[in-house]
Amino acid sequence: MSLKRIVVMISGGGSNLQAVIDAVEAKAVNAEITGVIASRPDAYGLVRAGEASIPAQVISRKDFKSAADFDTANLNTIRAFKPDLIILAGYLAMIGAPIVEAFRNRIINIHPSLIPAFCGKGYYGEKVHQAVLDYGARFSGATTHFVDEGADTGPVIMQKTVPVLEGDTAKSLARRVLDAEHEILVKSAALFCDDRLKVSGRKVTVLD
């Protein structure tokens with residue numbers, strides 16, 4: 001089976017990007033990362049990409065007059081990298097409908113909660129974990145899903161549960177959830193690259 005081509009989109013530290021880089025280098029994911037796109041020039045994930053000799057480009061929303069222009073710039077750059085799969089690894093900008101349509105069921109996002117809880121507009125970073133604590137939930141976790149036109153509304157691929165511990169803060173819960181993120185993001189990418197994910201409506205099936 002030939003290697004799949006992956007583009008990873010980031011906004012921050014890039015630890016999920018690093019998890020994918022490490023898995024690709026270990027041949028746990030049958031792929032090569034052909035490019036990284038960052039929504040912020042100060043994203044540390046750009047350093048990680050450089051250290052792994054992966055081409056990277058910054059495309060910031062503030063540099064464009066409209067969301068449509070921003071989408072076009074992203075789409076043109078994505079297409080230049082010729083990906084089979086796009087991974088949103090802590091990417092905080094909204095993916096526009098033209099990109100979703102061009103890569104339907106080929107964009108995987110990682111979210112730091114058990115979707116459909118604590119997700120959607122405004123739920124990102126430590127805000128998610130603080131909301132979990134404020135609600136008094138006993139469990140949180142991480143979810144991978146295919147991206148559709150909504151915010152965290154696409155078909156769920158994989159989830160991993162993380163218990164909320166007595167005395168947890170948003171930071172301590174985030175650290176444990178991040179470990180779950182790394183695990184299921186790599187597994188989801190591996191399944192995709194092995195052609196083992198089938199999408200039927202909202203249901204994702206793992207093929208033998």
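FYI, side chains are in, hydrogens and waters are out, and symmetry mates aren't considered; it's all heavy atoms of this structure.
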Do [X] and [Y] come close enough that some side-chain heavy atom pair is under 4.5 Å?
X: Gln159; Y: Thr143; value: yes
X: Asp22; Y: His182; value: no
X: Val204; Y: Val156; value: no
X: Arg138; Y: Pro163; value: no

Looking at residues at least two apart in the chain, or sitting in another chain, which of them share a side-chain hydrogen bond (donor to acceptor under 3.5 Å, both in side chains) with [X]?
X: Thr153; value: Asp148
X: Asn30; value: none
X: Asn76; value: none

Are [Y] and [X] connected in a single hydrophobic cluster, I mean Ile/Leu/Val/Met/Phe/Trp/Tyr linked by side-chain heavy atoms less than 4.5 Å apart?
X: Tyr124; Y: Ile110; result: no
X: Val186; Y: Leu178; result: no
X: Ile107; Y: Leu75; result: yes
X: Leu185; Y: Val29; result: yes
X: Ile115; Y: Leu173; result: no

If you group Ile, Leu, Val, Met, Phe, Trp and Tyr whenever their side-chain heavy atoms sit less than 4.5 Å apart, what else falls in with Val47?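 Hydrophobic cluster check, Val47: joined to Tyr44.
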
Checking one residue: Leu3. Which other hydrophobic residues are in its cluster under the side-chain 4.5 Å linking rule?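 None; Leu3 is a cluster of one.
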
Any salt bridge (charged side-chain N to carboxylate O under 4.0 Å, His left out) pairs touching residues 119-128, not counting sequence neighbours? Glu126-Lys171

Just how far is it from atom OG of Ser66 to atom CG of Asp71, taken to the nearest 0.5 Å?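 Result: 8.0 Å between the selected atoms.
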
What's the spacing between Ile59 CD1 and Met9 CE if we round to 0.5 Å? 6.5 Å

Of all residues at least two apart in sequence or in a different chain, which pass the salt bridge (Lys or Arg N to Asp or Glu O under 4.0 Å) check with Asp168?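 In terms of salt bridge (Lys or Arg N to Asp or Glu O under 4.0 Å), with neighbours along the sequence ignored, Asp168 is linked to Arg176.
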
Pairs flagged by side chain to side chain donor-acceptor pair (under 3.5 Å) wherever residues 55-64 is involved - sequence neighbours left out: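 Matches after skipping sequence neighbours: none remain.
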
Side chain to side chain donor-acceptor pair (under 3.5 Å) contacts touching residues 187-205 (sequence neighbours left out): Lys4-Asp195, Thr144-Ser188, Glu183-Lys187

Please step through side chain to side chain contact (heavy atoms under 4.5 Å, CB included) for the pair Leu191 and Met158, ending with a clear verdict. CA-CA 11 Å; Leu191 289 170; Met158 192 173 289; 3.7 Å; yes

Taking every non-hydrogen atom, the tightest pair across [X] and [Y]:
X: Ala170; Y: Leu133; answer: N-CD1, 3.4 Å
X: Pro155; Y: Gly201; answer: CG-O, 3.7 Å
X: Val128; Y: His111; answer: CG2-CE1, 4.2 Å
X: Leu46; Y: Ala56; answer: CD2-CB, 3.8 Å
X: Leu17; Y: Ala49; answer: CD2-N, 4.4 Å
X: Ala31; Y: Cys193; answer: CB-SG, 3.7 Å

Do any side-chain atoms of residues 34-41 form donor-acceptor pairs under 3.5 angstrom with protein atoms, and if so which ones, sequence neighbours left out?
from, atom 1, to, atom 2, distance (Å)
Thr34, OG1, Ile6, O, 3.4
Thr34, OG1, Phe81, O, 3.1
Ser39, OG, Ser11, OG, 2.6
Arg40, NE, Asp42, OD1, 3.1
Arg40, NH2, Asp42, OD1, 3.3
Arg40, NH2, Asp42, OD2, 3.1

Distance-only donor-acceptor hits, side chain of residues 83-102, under 3.5 Å, sequence neighbours excluded:
from, atom 1, to, atom 2, distance (Å)
Asp84, OD2, Arg5, N, 2.7
Glu101, OE1, Arg104, NH2, 2.7

Taking it one step at a time, do Phe70 and Lys65 satisfy side chain to side chain contact (heavy atoms under 4.5 Å, CB included)? CA-CA 8 Å; Phe70 177 59; Lys65 291 182 178 179; over 6 Å; no

If only atom types and distance count, is the side chain of Arg48 paired as donor or acceptor with the main-chain N or O of Gly13 below 3.5 Å?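 Yes.
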
Which residue pairs pass the ring pair (Phe, Tyr, Trp, His ring centres under 6.0 Å) test with at least one member in residues 128-149, sequence neighbours excluded?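 Every pair satisfying ring pair (Phe, Tyr, Trp, His ring centres under 6.0 Å) with a residue in residues 128-149: Phe118-Tyr135.
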
Applying side chain to side chain contact (heavy atoms under 4.5 Å, CB included) to Ile33 and Ile21, what does each step give before you reach the verdict? CA-CA 7 Å; Ile33 302 173; Ile21 290 171; 3.6 Å; yes

